[in-house]
Undergrad: 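Sharing a structure here in structure tokens format.
Every number for a ligand or one of its atoms is a count from 1 in the order of the listing.
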Amino acid sequence: MSTADSVKVFGPATVANVSCGFDILGFALDEPGDIVTAHKTDSSGLSFSCLQAKALGIPVDSELNTASAPAAKLLKDLGYRGGVHLELQKNMPIGSGLGSSAASAAAALVAVNRLLDSPLSREELVPYAVEAERIACGAAHADNVAPAIVGGFVLIRSSDPLDIVSLPCPENLHCSVVHPHIVLETRHSRDILKKSIPLRSAVTQWGNTAALVAALFMNDLQLLGRSLQDVVIEPERSQILPGFEKARSAALGCGALGFGISGSGPSLFALSESEAIANLAASKITEVFQDLRIQSEAFVGRVNAEGAKIVEDQH
Ligand code: HSE
């Protein structure tokens, strides 16, 4: 097998939680995303650069950056003694609820693994990225990193030990994501959550989560729509999200199956049964932010089944 000397990988944005599945459900998008290029060097150890780091306020210290830190651990575990340089092109907004740190981690891990001729499977890379989430927000949740690496819709049965299940995705399911230009740190949106929940809420949430998984297997979009309800996290987080209720009414009013907070917010997402409805939902949510004089950007597309994509592989 030949060894690649330079590999460039796109790490995708992800929608985590998917309303009722706090920390246990997520899916990958086709855009936006970060790009990591890994190439072999003549020195030893890992070096790291990111042109946008200073402007974005993200760490360049390779032990703290969510691209380089998991890559360094992977190289160490693989016993690689040569040199590798990682260059992160940080395209994703920080604190957006779109899995920015996960996108960097996924791209870096897939690039380094490919550079060494893929000794690990995609699934085996996920625990490395989970540790990167711990660095980024203090909590080792896998609902962004798992779909960013393996693609599609993913269920996290357990984070420790990690046990992830890839779920099927209805072909005509389309997602609209709108990112208002407000920064909300995941660490903060986790800190505001109550640490216990009423049994009644837990029962409702379990019903919805189980039904959402069933809907994906049964290709039942109406059931999927009924299941996209979060009675645990959303009531708390929506309090700090401007325009949330209006955006929900706008999305559901134009026919979206369901609506919710993407990850820890402030981005919002809707799922729809056609591209036309998904486009309409995106523009209606965007109008809500326009009325609030908040700039935003929208992304519409299918679920990204592939996850992180190798875009260049030079031998
Ligand atoms: N499940 C995590 C949370 C996702 O909601 O805090 C963070 O993007």
Undergrad: Quick one: do R226 and D220 make a salt bridge, cutoff under 4.0 Å?
TA: no
Undergrad: Is a salt bridge present between R187 and D191, judged by a nitrogen-to-oxygen distance below 4.0 Å?
TA: no
Undergrad: Identify all N/O pairs between ligand 1 and the protein with a separation under 3.5 Å and present them as a table of atom names and distances.
TA:
residue  : atom  : partner : partner atom : Å
ligand 1 : 1 (N) : N17     : OD1          : 2.8
ligand 1 : 1 (N) : D23     : OD1          : 2.5
ligand 1 : 1 (N) : D143    : OD1          : 3.3
ligand 1 : 1 (N) : D143    : OD2          : 2.7
ligand 1 : 5 (O) : N17     : ND2          : 2.8
ligand 1 : 5 (O) : R237    : NH1          : 2.7
ligand 1 : 5 (O) : R237    : NH2          : 3.4
ligand 1 : 6 (O) : R190    : NH1          : 2.7
ligand 1 : 6 (O) : R237    : NH2          : 3.0
ligand 1 : 8 (O) : N144    : OD1          : 2.9

Undergrad: Could you check whether H174 and E275, counting side-chain N and O atoms only, form a donor-acceptor pair closer than 3.5 Å?
TA: no
Undergrad: Could you list who else is in F10's hydrophobic cluster, with ILVMFWY side chains joined at under 4.5 Å, directly or through other members?
TA: I35, V311
Undergrad: Looking only at the side chains, is there a donor atom on one of T186 and S264 sitting less than 3.5 Å from an acceptor on the other?
TA: yes
Undergrad: Look at the rings of F259 and F244 and say which category their plane angle falls in: under 30° parallel, 30 to 60° tilted, over 60° perpendicular.
TA: tilted
